[in-house]
Amino acid sequence: MAREKTIARERTAAQLVQGRPVAVLGRGMTLVKVGKAPRAVVRPGDNTTVLLKKAARALDKPGIERSVVFRGPNAAKIFAYSAYPQDPTKVVREAADGTKVVGRMVDGRFRASKA
């Protein structure tokens, strides 16, 4: 007769629990809510079909209006960057008031070029 081979399994410290963590109570102790997760409510205007059509309409037109780029309470701190046509190693920074400054990006920051 053949005998079944018994395998000793070690218990792992971390247990797999499916649910939503609600609170951490202490070292290694978490309160978890189990059961069916509520489905996220998506507005009809936010589904992928509608958003894709909106993006296609927006990308069909060349450029972006100034009012869209420079809007909000911090409009003075917002800049639009573009490549400098005469020298591709340089960048043009445009402010909300329309002033343009030519410079370079150094360590992720804009540095104005000396005239």
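Side chains are part of it too, since the values below use all heavy atoms of this structure and drop only hydrogens, waters and symmetry mates. If you're wondering where the values come from, they're calculated on a predicted model, not measured in any experiment.
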Problem - Stacked cation flag Arg93 on Phe79, 6.0 angstrom / 45 deg - result: yes
Practice task
Check Phe110 against Val91 and note the closest heavy-atom contact, atom names and distance.
Solution key: CE1-O, 3.7 Å
Exercise for the section: Working to the nearest 0.5 Å, report the span between OG1 of Thr89 and CE of Met105. Expected result: 13.5 Å
Fill in the blank from the handout: Of all heavy-atom pairs linking Ser113 and Gly103, the shortest is OG-CA, 3.3 Å
Practice task
Determine whether Val22 and Val32 fall in the same hydrophobic cluster, where Ile, Leu, Val, Met, Phe, Trp and Tyr are linked whenever their side-chain heavy atoms lie under 4.5 Å apart.
Solution key: no
Handout entry: Atom pair OH/CD of Tyr81 and Glu94 - distance to nearest 0.5 Å
Key = 11.5 Å
Problem - Minimal non-hydrogen separation, Val92 against Val102, with atom names - result: CG2-CG2, 4.3 Å
Practice task
Supply the atom-to-atom distance Ser82 OG to Lys90 NZ, rounded to the nearest 0.5 angstrom.
Solution key: 13.5 Å
Completion exercise
Between the NZ atom in Lys100 and the OH atom in Tyr84, the distance rounded to the nearest 0.5 Å is 10.5 Å
Exercise for the section: Locate the shortest heavy-atom distance separating Ala112 from Val101; write the atom from each residue and the value. Expected result: CB-CG1, 3.8 Å
